[in-house]
Amino acid sequence: MAAAALGTAEWYRHFGTVDAPGSSPCYADWSLRIAEDPGLIARIDRWPYNKRQPLLMLAAARYLGAQVSPYPEFRAFLDEHWAEVSRTVMSRATQTNEVGRCATLLPSLAAIAAAEGRPLALIEVGASAGLALFPDRYSYEFDDGAAVTRLDPGASGELQAGSGARSGPPAHRPEPPVLRCRTAGPVPLPDSLPPVVWRAGTDLNPLDVRNPDDVAWLEALIWPEQEFRRERLRRAITVARQDPPFLVAGDLNEQLLSLAGQAPPDAALVVFHSAVMGYVSADGRARFRSSMQSLARDRSCHWLSNEGETVIIQQDGSVVVPEMDPGRLRGNFLLLHNGQPVAITGPHGQSLDWL
């Protein structure tokens with residue numbers, strides 16, 4: 001069910017029963033209790049609709065110091081800090097820069113580089129702090145239940161990698177995060193990481209990996225009880241700080257074509273996004289698809305879309321991919337390459353089920 005079709009209480013109930021269980025017992029409990037708390041729902045309803053989303057409100061509270069606790073203690077924290085929570089909600093957005101999603105994108109990126117016989121130029125729309133723009137600088141462990149395939153950054157890939165118009169990265173590299181992913185089906189795992197020669201992103205409000213407040217906000221967006229995600233976020237930030245990504249502030253539809261025009265022509269251009277289109281209007285999505293069709297025609301650009309059911313199901317009740325049973329996507333994402341479904345993915349990059 002698309003979030004836009006839900007009332008506030010139903011939205012929190014959906015988050016507490018579908019999204020949070022199995023990932024954060026704390027968030028599951030808090031969300032379900034909020035759904036049954038008319039006084040708090042009435043306060044949340046005073047915010048604009050797009051600011052009422054559960055993760056944004058919960059992250060704002062965590063950013064301000066709310067600890068994992070029984071709901072009555074959390075409710076008391078909200079009462080005491082409500083003005084600050086509201087200010088944070090109004091000034092921030094759910095810019096979860098989940099670096100784990102690189103694991104679900106990597107096989108497709110490697111396949112594109114191999115098929116094109118060229119290194120990659122990457123553009124991420126809705127890039128947050130741009131951490132997903134470094135798939136060649138992270139380590140991976142893909143587990144199919146019988147064996148684990150490990151991939152690490154190689155010296156050659158490091159020498160080729162760069163950001164925007166900058167020169168090559170420093171010789172010294174910090175310890176990268178290890179992105180672990182369960183796999184099923186015939187996932188086309190590469191033998192090595194694909195080379196990336198240029199990377200850029202756009203976001204309405206890009207976050208800066210060198211800004212302590214932005215980093216604190218990124219950490220607040222990590223769900224409670226998921227210390228492993230927090231640790232890999234910190235490692236990814238350390239990697240990105242060595243060569244900060246080229247990020248442009250603005251609407252994705254206003255910035256995309258300009259950014260694509262800056263990509264080196266001798267590289268294979270890939271535009272990708274994860275958990276972004278749910279925040280874009282139906283008209284905005286249609287405009288974006290049109291831009292991608294133009295880039296595919298004029299630049300042979302590849303398009304990787306990694307999105308959840310709020311994007312698959314449209315406002316008129318139709319689905320983007322009619323042959324895909326929406327029930328299979330419950331709590332997961334669908335990865336499409338140039339509009340064709342290729343895999344069902346875990347929202348935090350924890351699983352990759354190849355179709």
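For L218 against A129, the heavy-atom pair with the smallest separation is CD1-CB, 3.9 Å. Shortest non-hydrogen contact noted between S23 and D19 is OG-O, 4.2 Å. Residues A220 and Y27 come closest through the heavy atom pair O-OH, 4.2 Å. Across every non-hydrogen atom of P107 and L189, the tightest pair is CG-CD2, 4.1 Å. A200 approaches L133 most closely through the heavy-atom pair O-CD2, 3.4 Å. Nearest heavy-atom pair across R52 and I44 is CG-O, 3.4 Å.
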N/O donor to acceptor pairs below 3.5 angstrom from side-chain atoms of residues 341-355, sequence neighbours left out:
residue, atom, partner, partner atom, Å
T345, OG1, N306, OD1, 2.8
Q350, OE1, H348, N, 2.8
S351, OG, G346, N, 3.2

For residues 252-270, tabulate all N or O donor-acceptor pairs below 3.5 Å that involve a side-chain atom, not counting sequence neighbours.
residue, atom, partner, partner atom, Å
N253, OD1, F288, N, 3.3
N253, ND2, G284, O, 3.1
E254, OE2, R287, NH1, 3.1
E254, OE2, R287, NH2, 3.2
Q255, NE2, A249, O, 3.4

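Evaluated for a side-chain contact (heavy atoms from CB on, under 4.5 Å) with S139, the options L179, V178, L151 yield exactly one hit, V178. Applying the side-chain hydrogen bond (donor to acceptor under 3.5 Å, both in side chains) test between W303 and each of Q293, H273, H337 identifies H273 as the sole match.
Using a 4.5 Å cut-off on side-chain heavy atoms (C-beta onward), F246 and P206 make no contact. Using a 4.5 Å heavy-atom cutoff, the side chains of L105 and E124 are not in contact. For the pair Y138 and L106, the minimum side-chain heavy-atom distance is 4.5 Å or more. At a threshold of 4.5 Å between non-hydrogen side-chain atoms, the residues P194 and P119 do not count as touching. The side-chain heavy atoms of M277 and S305, taken from C-beta on, include no pair separated by under 4.5 Å. Counting heavy atoms from C-beta on, the side chains of L233 and L131 come closer than 4.5 Å.
Listed by first and then second residue, the side chain to side chain donor-acceptor pair (under 3.5 Å) pairs that reach into residues 89-101 are Q53-T94, R92-D214, T94-Y279, Q95-D203, E98-R229, E98-R232, sequence neighbours excluded. Evaluation of the side chain to side chain donor-acceptor pair (under 3.5 Å) test over residues 179-189, restricted to residues two or more places apart or in two chains, returns E141-R180.
To the nearest 0.5 angstrom, S274 atom OG is 8.0 Å from L335 atom CG. Note that CZ of R137 and CG of L193 are 11.5 Å apart. Values are rounded to the nearest 0.5 Å. Atom OG of residue S300 and atom CZ of residue R118 lie 7.0 Å apart, to the nearest 0.5 angstrom. Between the SG atom of C102 and the CZ atom of F134 there is a distance of 10.0 Å, given to the nearest 0.5 Å. Here CH2 of W198 is found 12.5 Å from CG of L120. Values are rounded to the nearest 0.5 Å. To the nearest 0.5 angstrom, L40 atom CG is 5.5 Å from I34 atom CD1.
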Show the numbers, then the answer: is there a side-chain contact (heavy atoms from CB on, under 4.5 Å) between Q226 and S24? CA-CA 7 Å; Q226 294 195 332; S24 173; 5.6 Å; no

Would you please test D144 and V187 for side-chain contact (heavy atoms from CB on, under 4.5 Å) and show each step? CA-CA 9 Å; D144 66 4; V187 180; over 6 Å; no

Begin from the C-alpha positions of V85 and Y63 and carry the test side-chain contact (heavy atoms from CB on, under 4.5 Å) through to its verdict. CA-CA 9 Å; V85 171; Y63 176 74; over 6 Å; no

Could you check L109 against V196 for side-chain contact (heavy atoms from CB on, under 4.5 Å), going step by step and ending with a plain yes or no? CA-CA 10 Å; L109 293 172; V196 178; over 6 Å; no

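Between D136 and R199 there is a salt bridge, with a side-chain nitrogen of the basic residue lying less than 4.0 Å from a carboxylate oxygen of the acidic one. With salt bridges taken as basic N to acidic carboxylate O contacts below 4.0 Å, one links E36 and R13.
Both F77 and M57 belong to a single network of hydrophobic side chains, linked directly or stepwise wherever heavy atoms of I, L, V, M, F, W or Y lie under 4.5 Å apart. At a threshold of 4.5 Å between side-chain heavy atoms, the hydrophobic network of Ile, Leu, Val, Met, Phe, Trp and Tyr places L55 and F74 in one connected group. Taken together through direct or relayed side-chain contacts under 4.5 Å among Ile, Leu, Val, Met, Phe, Trp and Tyr, L32 and I41 form parts of separate hydrophobic clusters. Hydrophobic cluster membership is shared by V215 and L64, with clusters built from Ile, Leu, Val, Met, Phe, Trp and Tyr side chains linked at under 4.5 angstrom. Note: the hydrophobic cluster containing L58 does not contain V68 (ILVMFWY, side chain heavy atoms under 4.5 Å, direct or indirect links).
Aromatic ring pairs are classed by plane angle as parallel below 30°, tilted from 30° to 60° and perpendicular above 60°; the pair Y140 and F142 is parallel. Between W82 and W47, the angle of the ring planes stays under 30°, which puts this pair in the parallel group of the 30/60° scheme.
In terms of the side chain to side chain contact (heavy atoms under 4.5 Å, CB included) criterion, residue partners of R230 (sequence neighbours excluded) are, by chain and number, R62, E219, I222, E227, R234. Residues passing the salt bridge (charged side-chain N to carboxylate O under 4.0 Å, His left out) test with E231, sequence neighbours excluded: R235.
Checked by atom type, the side-chain pair Y71/D37 shows a donor-acceptor distance below 3.5 Å.
Residue-environment remark: CG (D298) exceeds the threshold of 12 foreign heavy atoms within 6.0 Å.
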